[in-house]
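Data block below; observations after.
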Protein chains: 2
Amino acid sequence: MARGSKKLNPVDGGRGGGEEAARPSASQPSDPRPSESRPSESRGEWTYHRLREAIQAGELKPGERIREIEMAKRLEVSRTPVREALRRLEADGLLTFVPYRGMVIAELDHQAVMELYQMREVLEGTAAGLAARHASEAEITLIRDLIAADPGDGDPKALATHNRQFHGTLYRAAHNRYLLKTLNVLSDAMALLGMTTLSLTGRSGTARQEHEEILSAIEARDQARAEQAARHHIREAQRARLRLMFDGDRADTPQD
Amino acid sequence: MARGSKKLNPVDGGRGGGEEAARPSASQPSDPRPSESRPSESRGEWTYHRLREAIQAGELKPGERIREIEMAKRLEVSRTPVREALRRLEADGLLTFVPYRGMVIAELDHQAVMELYQMREVLEGTAAGLAARHASEAEITLIRDLIAADPGDGDPKALATHNRQFHGTLYRAAHNRYLLKTLNVLSDAMALLGMTTLSLTGRSGTARQEHEEILSAIEARDQARAEQAARHHIREAQRARLRLMFDGDRADTPQD
DNA sequence: TCGTCCCGGATTGTATACAAAGAATTGAGA
DNA sequence: TCTCAATTCTTTGTATACAATCCGGGACGA
């Protein structure tokens, strides 16, 4: 039943939040889930978000198997909403369905990672370019404020969150729902690779400069420059990622 | 259960299939499972494809409501697989969920159409550019043959099919799964607009020239030119679409 | 006449029972 | 000890019952 309205942007969109009052108690005689914050969200929706967060947070790692029953028990819902969530995550590319074995957290091989960055370079560039054309002053201000609030080389978690905020704001500033949706999906897939490259390669300072470069071009309403700046940013991120992956090949392999 | 393996490309072009290839009617409480020619895709999968085709074919028009029970009865399956199919179509952007009213075939407003074409221009250009770099000789030959097999100004249905084949082949030739998936989704969304612009604006001849221009650039392995040619192609299609929409505003409005 | 309240119908959300089919295990035989 | 086969286990696919909620219409009162 009550299922929050969903449009093309599944991520958030910063709706005023309030929502309709939403009746306090859940429907079932004995609502199992810890009195979480979303009374009006359907179980399917809720499960979807929970699993997504778990993947983002790295609690569920690539290759790991997900059993419907186990998950249902763990989240204290029935299989039905779990199935719905799994299907949606599969559509997002975060899960892979293996016949007769069920869902598995997607594993990205080298080729997939290359394709992912290639795609992101194009779309991130497009987003920045469009933002230069279409962003409202308020949106530009928001981006500026976000960059100013950069947490610097501190908590990797905060760094990742901040980075996500910056890019998410940039995506929205492009004012293209399809672009927004696609970039969000790509970002999610990136999470499968583990922690951001920022905190792992000491790139946070450089990244901030690159962010400022993008902002600068947007402020100047220079579409071409914004696109190039964004593409450069992603290429640098890719370089860092590749270094990380090759290092990892040496370091991680023996482990386990 | 048996659910055919699904990869990152749920769409692809392999739909050469015949209309109603008989649903996997097997497995009813008393059915010896007639050895179908396939591992028999699951009902959910089957339902998904059927609904998708129905939308593509225009049997289900934008704004139309889809009731789970009605659909289940019509396709002779239970609500469960129907629900799965509906969720997937929603993820593809072909359906919109309206709280307390269920699924509705997505309607694209003017803004959405603009965004769609904007996005397609970027990605189609990217695909052509990548194809120029990565397409195998076999793939290039396939594209060449397809263009040669252009049905010309005849049956609109054949024209649409051929056009889809050409573009689908181009997408695959880019060798990027994320790009492929996204372009397929965008193409599907286009189907919501109704028949191709080709058959409705007498653009088929021009389109063929544009296709040849793209091919030429790919054969020459000229990435930049391929990208530009593809972008030009989409821009022209967009122009045709806009003309059509404005004409439609005058002609269709009174109807109904 | 208009507004409000209430009830029945319609439709989705959720849980659960059952079926099917690969996967794993265990046993016997060579 | 190894191989093969039968049996059991595990897990998903499907159907269906039930619960909850919104929507529409109609009766009632102001």
Side-chain angles (χ1 to χ4, degrees), chain A residues 1-6 19-33 38-50 64-90 95-104, chain B residues 1-6 23-36 38-49 64-90 95-104:
Chain A
M1 339 138 164
R3 197 169 161 208
S5 67
K6 301 169 11 186
E19 259 72 52
E20 53 273 69
R23 72 235 176 287
S25 99
S27 32
Q28 297 310 330
S30 57
D31 195 335
R33 283 168 314 310
R38 314 273 133 63
S40 60
E41 207 175 28
S42 78
R43 282 166 165 69
E45 196 85 6
W46 183 82
T47 304
Y48 171 70
H49 289 306
R50 263 341 248 297
E64 198 166 324
R65 229 177 123 180
I66 303 221
R67 294 168 191 78
E68 294 178 0
I69 301 178
E70 177 189 314
M71 218 17 109
K73 209 171 294 180
R74 197 163 129 192
L75 296 178
E76 300 182 77
V77 297
S78 76
R79 276 180 60 205
T80 306
V82 171
R83 282 173 66 79
E84 178 185 328
L86 294 184
R87 292 297 139 74
R88 288 178 62 186
L89 291 166
E90 183 195 15
L95 296 182
T96 304
F97 179 82
V98 181
Y100 308 114
R101 202 173 315 171
M103 293 294 187
V104 176
Chain B
M1 352 153 138
R3 199 168 158 211
S5 66
K6 301 167 14 184
R23 78 197 176 71
S25 57
S27 81
Q28 282 305 349
S30 60
D31 199 324
R33 166 167 288 291
S35 54
E36 284 294 337
R38 304 215 163 263
S40 204
E41 61 186 348
S42 75
R43 282 167 166 70
E45 197 85 6
W46 183 83
T47 303
Y48 172 71
H49 289 306
E64 198 165 322
R65 227 176 126 179
I66 303 218
R67 293 168 192 76
E68 294 178 0
I69 300 179
E70 178 190 313
M71 222 11 113
K73 209 171 293 180
R74 197 163 130 192
L75 296 179
E76 300 182 81
V77 297
S78 76
R79 275 179 61 206
T80 307
V82 171
R83 283 173 65 78
E84 178 186 328
L86 294 184
R87 291 298 141 73
R88 287 177 63 185
L89 291 167
E90 184 195 13
L95 296 181
T96 304
F97 180 82
V98 180
Y100 308 115
R101 201 172 318 170
M103 293 294 187
V104 176

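Every chain is numbered from 1 and lettered A, B, ... according to where its sequence line falls, protein lines coming before strand lines. Because the structure is predicted, anything quoted here is derived from the model rather than measured.
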| message | Going by salt bridge (charged side-chain N to carboxylate O under 4.0 Å, His left out), name the residues that satisfy it together with B:Glu70, two or more places apart in sequence or in a different chain. | response |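 Salt bridge (charged side-chain N to carboxylate O under 4.0 Å, His left out) check on B:Glu70 returns B:Arg67.
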Length of the line joining [X]:[atom1] and [N]:[atom2], which is rounded to integer Å:
X: B:Glu45; N: D:dT12; atom1: CD; atom2: P; value: 16 Å
X: A:Arg101; N: D:dG13; atom1: CZ; atom2: P; value: 14 Å
X: A:Lys73; N: C:dA15; atom1: NZ; atom2: C1'; value: 15 Å
X: B:Arg43; N: D:dT12; atom1: CZ; atom2: P; value: 19 Å
X: A:Ile66; N: D:dT10; atom1: CD1; atom2: C1'; value: 17 Å
X: B:Arg65; N: C:dA10; atom1: CZ; atom2: P; value: 12 Å
X: A:Glu84; N: C:dT14; atom1: CD; atom2: C1'; value: 10 Å
X: A:Glu68; N: C:dT14; atom1: CD; atom2: C1'; value: 14 Å

Phosphate-side-chain proximity, [X] and [N], N/O vs OP1/OP2 below 4.0 Å:
X: A:Arg67; N: D:dT11; answer: yes
X: A:Arg87; N: D:dG13; answer: yes
X: A:Arg83; N: D:dG13; answer: yes

| For B:Arg65, does the CZ atom have more than 12 heavy-atom neighbours from other residues, nucleotides or ligands under 6.0 Å away? |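 More than 12 within 6.0 Å, yes.
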| Would you call B:Arg88-B:Glu45 a salt bridge at under 4.0 Å N-O? | yes
| Looking for any heavy atom pair under 4.0 Å, which part of the strands does A:Leu86 touch: base, sugar-phosphate only, or nothing? | nothing
| said: Nearest 0.5 angstrom please: B:Met103 CE to B:Arg87 CZ, how far? | reply: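 Going from the CE atom of B:Met103 to the CZ atom of B:Arg87 covers 4.5 Å.
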| Can you name the one residue among B:Val82, B:Leu86, B:Leu89 that meets side-chain contact (heavy atoms from CB on, under 4.5 Å) with B:Ile66? |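 Per the side-chain contact (heavy atoms from CB on, under 4.5 Å) rule, the option paired with B:Ile66 is B:Leu86, out of B:Val82, B:Leu86, B:Leu89.
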Would you list the protein and nucleotides 16-18 of chain C atom pairs, both N or O, that sit under 3.5 Å from each other?
residue	atom	partner	partner atom	Å
C:dT16	O4	A:Thr80	OG1	3.4

| query | Are side-chain heavy atoms of A:Arg83 and B:Glu84 found at a separation under 4.5 Å? | reply | yes
